[in-house]
J.: 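Sharing a structure, written as structure tokens. Questions coming.
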Amino acid sequence: MFSSSVTRRRVAFAFVLPAFVLLLAISIYPLLRTLGLAFSSLELTVSPAESFVGFDNFAKAFQDARFWNAMGNTLVLVVVGVAIQLVLGVGLALLLSEIGFTRVVWLTALLLPVMIAPVVSGFQFRVIYNDTFGPLNYLIKTISGGFITGPPWLADTRTALLTIMMTDVWQWTPFMMLLALAGLESIPVELTEAAEVDGAGYWGAFWRIKIPILLPVIVIGLLIRVMDTFKTFDLVFLLTGGGPGSSTETIAFYTYLNGFRFFSMGYTAAIAFIQLIVIIVIARVFLVVQKRMRGGEVQ
Amino acid sequence: MRKKKPLYLRIIMGVILMVALIFFLFPVMWMFLTSFKTQDQIFSTPPILIPPAEQWNLDNYVAILRDNKGLQGVRDTTIVAFTTALISVSIGALAAYSLARFRFGGDEFSFWIISTRMFPPVASAIPLFLIFRQLEILDTHWVLIIANSVFNVPFAVWLLKGFIEDLPVELEEAALIEGATVFGAFWRITLPLITPGLVTAFLFTFVFTWNEFMFALLMTRRAVRPMTVVISSLAGGHTILWAQIAAAGVITIMPGVLVVIFLQRYIVRGLTMGALKN
């Protein structure tokens, strides 16, 4: 049907046009402006003059220990945090898909964390994690009968990043859950039933029917979560301000510091570009994997 | 009917759901209870989980809505989030259809669309601010709708592309053979079948926009003041108004809850190949 006739091409173009125009209009200028700045020196604290410096900003980034620390922290959040969100989210979706009429209540309740603005939840968690007035350590102490004293979650370099990660898991697992649930809903019931009748059992049907059909949706969900976690800013800004020390600085937060605190615009632009390149590489890998899987499905 | 699961699985499921519910809902409950506390009760040791019943009142809610421009915040945020979600899902569905069915522009074009979402917002905020100032649309609803579309249109396109690719193409082909236009096939066949995807995309673009903070802070002043900006102003002075922030949180969560309750039957109804045969 969707062959290469001229009318069809026009229709295809017309369908894409609104999105294309909108995205081009709002992305091209920031991109070009940032690219120009990345090769310039513009220190707003010194002067508003911009001068070309070649690759200096990029060279600086590669020698900047604080930049690498921020990259490392971000990767921990992306790799470990998103993996936890994936497993929990798909697991919960599978549970919910088995539940009958009470599902409305469960689903609504489990989606609440996504609906709370980070600005709001950030302030709640600052109190929750607080080691003097916070309920978390109070509960740990009460439940363990006074044996365990919880750490000062956000003030200890060993737990601060973990705390950010747990908050991210709390906020975004429901997102993976809903995507996976929507994917599960599109699986014909007959298919799983037929597999179970054929003697595949619950787990057989799970691995052979549900997971393969879910994979394309999951890969897209994962890609979106990886991209967004790479940009983690709000939580760090609200919970720790990057501290203690630089132990929770993410790359987005470090970019913000350079731009809005140190007013080092050239360096900010260079770091932003490095991030863009890293995310593009990661996204490419994801899409190649997804394509392979789709290819395998057809055969 | 579905086959009964093994008993051990049902028990494990119940336990896991309970644990998950406690983990995900405790902070929400904490926020709800905090919204009825006084400033002193927030900093007591041991912490007060539930404020004494006779002290419950709506002071914090009244304060936020009346004195701190909360009503305006809710109105502005609703306008921006609803419009952004509507635009993103509409033009996103069209583009997704073209990408999925005509392979328009091939993989590179699809990738360009998603890549517009990858640029760090911290870096794009300043250039965008400069353009919008030039266009004299700062401090309007449109500026936030346009800025938020940068993240939400690519999201909607990619999500819906996945859903459309999972549909068998034969149904649309049949419609075309019977004389439908491409748009007709898209409108009457494809869209109804990807309803769960459309609802999911709408819900998340709505929530992403509803909760967005950085652009809202940078690009609005007085005429428009989204809820996230109102909330951050409660922590601006020397004291952080914890209880009012919590009350504002309870207020801002309401529309999202309504959207989920109202739309989730579409997600749950889902679609099955069996239904298609009829």
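Numbered from 1 within each chain, the chains take letters A, B, ... in sequence-line order. Excluded from the calculations below are hydrogen atoms, water molecules and symmetry mates; all remaining heavy atoms, backbone and side chain alike, are included.
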J.: Within this structure, what is the CD1-CD distance for the pair A/I220 and B/E165, rounded to the nearest 0.5 Å?
T.: 7.0 Å
J.: Working to the nearest 0.5 Å, report the span between CD1 of A/I26 and CD1 of B/I146.
T.: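 These two atoms lie 7.0 Å from each other.
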J.: Could you tell me which portion of B/I177 (side chain, backbone, both or neither) has an atom closer than 4.5 angstrom to a non-hydrogen atom of chain A?
T.: neither
J.: Using non-hydrogen atoms only, which part of A/R284 is less than 4.5 Å away from chain B: side chain, backbone, both, or neither?
T.: both
J.: Under a 4.5 Å cutoff for heavy-atom pairs, which residue among A/L136, A/L238, A/V127, A/T255 has the most contacts with chain B?
T.: A/V127
J.: Under 4.5 Å from any heavy atom of chain B, what part of A/T268 do you find: side chain, backbone, both or neither?
T.: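 When you check distances to chain B, no heavy atom of A/T268 falls under 4.5 Å.
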J.: Quick check on the interface: out of B/G92, B/P121, B/S88, B/P27, who has the most heavy-atom pairs with chain A under 4.5 Å?
T.: B/P27
J.: So what's closer than 4.5 Å to chain A heavy atoms on B/V257: side chain, backbone, both or neither?
T.: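 Its backbone and side chain both get close to chain A.
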J.: What part of B/R117 gets within 4.5 angstrom of chain A, counting heavy atoms only: side chain, backbone, both, or neither?
T.: both
J.: Based on non-hydrogen pairs under 4.5 Å, which of B/L128, B/T252, B/V250, B/T181 is most in contact with chain A?
T.: B/L128
J.: Between A/P135, A/A269, A/P113, A/A272, which residue shows the highest count of heavy-atom pairs closer than 4.5 Å to chain B?
T.: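 Most heavy-atom pairs within the cutoff with chain B belong to A/P135.
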J.: Under 4.5 Å from any heavy atom of chain A, what part of B/F111 do you find: side chain, backbone, both or neither?
T.: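 Contact with chain A is through the side chain of B/F111 alone.
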J.: Counting heavy-atom pairs under 4.5 Å with chain A, which one of B/S149, B/P255, B/S98 comes out on top?
T.: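 That would be B/S98.
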J.: Using non-hydrogen atoms and a 4.5 Å limit, figure out which bit of B/V150 sits close to chain A: side chain, backbone, both or neither.
T.: both
J.: Tell me, side chain or backbone of A/L37 under 4.5 Å from chain B's heavy atoms, or both, or neither?
T.: neither
J.: Do the non-hydrogen side-chain atoms of A/T173 and B/F23 ever get within less than 4.5 Å of each other?
T.: no
J.: Select one option (side chain, backbone, both, neither) describing which atoms of A/Q124 are under 4.5 Å from chain B's heavy atoms.
T.: both
J.: Would you say A/M227 and B/F151 make side-chain contact, with heavy atoms under 4.5 Å?
T.: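 No; the side chains remain at least 4.5 Å from each other.
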J.: For B/M214, is it the side chain, the backbone, both, or neither that has a heavy atom closer than 4.5 Å to a heavy atom of chain A?
T.: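 Side chain only.
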J.: With heavy-atom distances below 4.5 Å as the criterion, would you say the side chains of B/I16 and A/L95 are in contact?
T.: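 Heavy-atom side-chain distance check passes, below 4.5 Å.
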J.: Find the distance between CZ (A/R10) and CZ (B/F102) and round it off to the nearest 0.5 Å.
T.: 13.5 Å
J.: Please flag which part of A/Y138 lies under 4.5 Å from any non-hydrogen atom of chain B: side chain, backbone, both or neither.
T.: side chain
J.: Under 4.5 Å heavy-atom distance to chain B, tell me which part of A/L92 shows up: side chain, backbone, both or neither.
T.: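 It is the side chain, since no backbone atom gets that close.
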J.: For the atom pair CZ (B/F26) and CD1 (A/I128), what is the distance rounded to the nearest 0.5 Å?
T.: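 Taking CZ in B/F26 and CD1 in A/I128, the distance rounds to 5.5 Å.
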J.: With only heavy atoms counted, which part of A/I280 is less than 4.5 Å from chain B, the side chain, the backbone, both or neither?
T.: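 Contact with chain B is through both the backbone and side chain of A/I280.
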J.: Is A/I116 close to chain B through its backbone or its side chain, or both, or neither, when contacts mean heavy atoms under 4.5 Å?
T.: both
J.: Of all the heavy-atom pairs spanning B/I240 and A/R126, show the shortest one and how long it is.
T.: CD1-NH2, 3.4 Å
J.: Less than 4.5 Å to any heavy atom of chain B: does that hold for the side chain of A/Y256, its backbone, both, or neither?
T.: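 For A/Y256, backbone and side chain are both near chain B.
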J.: Please classify the contact between A/A283 and chain B as side chain, backbone, both or neither, with a heavy-atom cut-off of under 4.5 Å.
T.: both
J.: Is it the case that the ring center of B/F204 lies less than 6.0 angstrom away from the ring center of A/W172?
T.: no
J.: Are B/F119 and A/T34 side-chain neighbours, meaning at least one heavy-atom pair lies under 4.5 Å?
T.: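 Counting from C-beta outward, B/F119 and A/T34 do come under 4.5 Å.
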J.: Which residue out of A/G221, A/G122, A/S27, A/A12 racks up the most heavy-atom pairs below 4.5 Å with chain B?
T.: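 When all of A/G221, A/G122, A/S27, A/A12 are compared, A/A12 has the most.
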J.: If you round to the nearest 0.5 Å, how far is CG of A/L17 from CD1 of B/I91?
T.: 10.0 Å
J.: Between A/D234, A/L111, A/L287, which has the largest tally of heavy atom pairs under 4.5 Å with chain B?
T.: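 Heavy-atom pairs under 4.5 Å are most numerous for A/L287.
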J.: Which bit of B/F183 comes within less than 4.5 Å of chain A, counting heavy atoms only: side chain, backbone, both or neither?
T.: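 For B/F183, heavy atoms of backbone and side chain both lie under 4.5 Å from chain A.
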J.: A/F175 versus chain B, heavy atoms under 4.5 Å apart: side chain, backbone, both or neither?
T.: both
J.: Which atoms of A/F20 come close to chain B, meaning under 4.5 Å heavy atom to heavy atom: side chain ones, backbone ones, both, or neither?
T.: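 For A/F20, backbone and side chain are both near chain B.
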J.: Could you tell me which portion of A/L112 (side chain, backbone, both or neither) has an atom closer than 4.5 angstrom to a non-hydrogen atom of chain B?
T.: both
J.: Quick one: of B/I126, B/T34, B/L99, who has the most non-hydrogen atom pairs under 4.5 Å with chain A?
T.: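 Greatest number of close heavy-atom pairs with chain A: B/I126.
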J.: Roughly how far, to the nearest 0.5 Å, is the CG atom of A/L24 from the OG1 atom of B/T116?
T.: 10.0 Å
J.: Which heavy-atom pair separates A/P118 from B/N211 by the least distance, and what is that distance?
T.: CD-CB, 3.8 Å
J.: Are any non-hydrogen side-chain atoms of A/L94 and B/M13 less than 4.5 angstrom apart?
T.: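 Sidechains of B/M13 and A/L94: no contact.
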J.: Could you check which of B/W242, B/F109, B/W210, B/F213 has the highest count of heavy-atom pairs closer than 4.5 Å to chain A?
T.: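 Result: the option with the highest number of such pairs is B/W242.
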J.: Counting heavy-atom pairs closer than 4.5 Å to chain A, which one of B/I245, B/I231, B/V157 comes out on top?
T.: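 Among the listed options, the one with the most contacts to chain A is B/I245.
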J.: Below 4.5 Å from any heavy atom of chain B, which atoms of A/M265 appear? Answer side chain, backbone, both or neither.
T.: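 Just the side chain, heavy atoms under 4.5 Å.
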